[in-house]
Amino acid sequence: MEWTNDTMVREFVFLGFSALAGLQQLLFMVFLLVYLFTLGTNAIIMSTIVLDRALHTPMYFFLSVLSCFETCYTFVIVPKMLVDLLAQKKTISFLGCAIQMFTFLFLGCSHSFLLAAMGYDRYVAICNPLRYTVLMGHRVCLGLVAAACACGFTVAQIITSLVFHLPFHSSNQLHHFFCDISPVLKLASHHSRLSQLVIFMLGVLVLVIPLLLILVSYVRIISAILKIPSSVGRYKAFSTCASHLIVVTVHYGCASFIYLRPKSNYSSSQDTLISVSYTILTPLFNPMIYSLRNKEFISALQRTMSKTWFPLN
């Protein structure tokens with residue numbers, strides 16, 4: 001990116017937790033423990049999927065990529081946030097803010113498109129089980145991940161360029177704990193129409209379109225499940241989609257609250273609270289939802305641990 005901005009602002013000051021000055025050390029300890037646990041569980045998921053051949057299926061391939069995305073985008077935000085909780089001056093450079101926004105948007109947008117790809121995978125598995133291995137071959141899976149990354153990169157590039165080519169002449173106090181779109185746009189000298197356009201573009205491209213694709217997939221999935229004569233068969237078929245549905249609900253619910261609200265409903269404190277959920281809590285719960293309640297994954301984890309710790313047995 002080339003920055004031709006005539007900005008007078010050289011750095012931004014984060015005020016996201018300024019109202020909780022007396023609790024910042026406690027928040028540091030809590031967020032640090034949650035972050036370390038999240039890194040550990042995601043590392044276990046990715047290593048188990050790589051090491052156990054029984055998990056070399058499209059569903060677990062997408063799950064490993066999802067864990068990688070979540071690990072990376074928490075790394076973009078959480079370490080800086082932890083340092084700021086203990087620092088007197090919570091600042092980030094203009095370029096650093098742009099890089100943080102771009103990276104977060106790239107990973108977050110790719111995450112949304114990947115969830116759509118995972119919905120398609122569940123559709124093929126339930127509606128076309130006999131052709132599943134053909135329709136969801138290795139090249140197809142790699143192509144879907146590459147397409148998700150390409151869409152995420154394109155959206156992030158366009159939006160970050162539009163935001164940081166605006167003039168920033170007045171305040172540099174950012175009422176957030178990282179460089180998200182709405183708080184940064186609020187500081188721009190001229191942002192009224194562009195801010196609405198940017199958030200609308202993000203909402204349509206990254207939220208509405210993938211969510212519509214997921215809904216189409218699940219309409220067909222539910223239709224196929226209802227045709228299964230056995231109640232046990234219907235339960236097993238639906239259980240393979242339950243984890244994905246929970247993650248989709250949490251991800252799109254939080255993101256929609258932030259990016260698809262009317263501008264008049266903007267609230268810095270509410271956005272900070274919701275942002276904590278999808279940058280810290282959601283990456284913690286997703287591994288638990290997808291893996292720790294999955295009997296197939298637990299069995300694979302036990303096999304992997306046995307081979308690693310007791311190789312002679």
Run the numbers on F113 and L144 for side-chain contact (heavy atoms from CB on, under 4.5 Å), then give the verdict. CA-CA 9 Å; F113 289 110; L144 289 172; over 6 Å; no
Check C97 against C179 for me: are their SG atoms closer than 2.5 Å? yes
Less than 4.5 Å apart, any side-chain heavy atom of [X] and any of [Y]?
X	Y	result
L115	H244	yes
K186	H176	no
F178	Q100	yes
T91	N172	no
V247	M118	no
L105	V155	no

Does the separation of the ring centres of F102 and F153 fall below 6.0 angstrom?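 Yes: the rings meet the under 6.0 Å criterion.
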In terms of relative ring orientation, are Y73 and H111 parallel, tilted or perpendicular, with 30° and 60° separating the classes? perpendicular
Determine the interplanar angle of the F94 and F168 rings, folded into 0 to 90°, and report it as parallel if under 30°, tilted if 30 to 60°, perpendicular if over 60°.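 If you compare the ring of F94 with that of F168, the planes turn out perpendicular.
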Looking at L166 and L162, what are the two nearest heavy atoms and their distance? CG-O, 3.5 Å
Donor-acceptor side-chain pairing of T74 and E70 below 3.5 angstrom: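 No, E70 and T74 have no side-chain donor paired with an acceptor closer than 3.5 Å.
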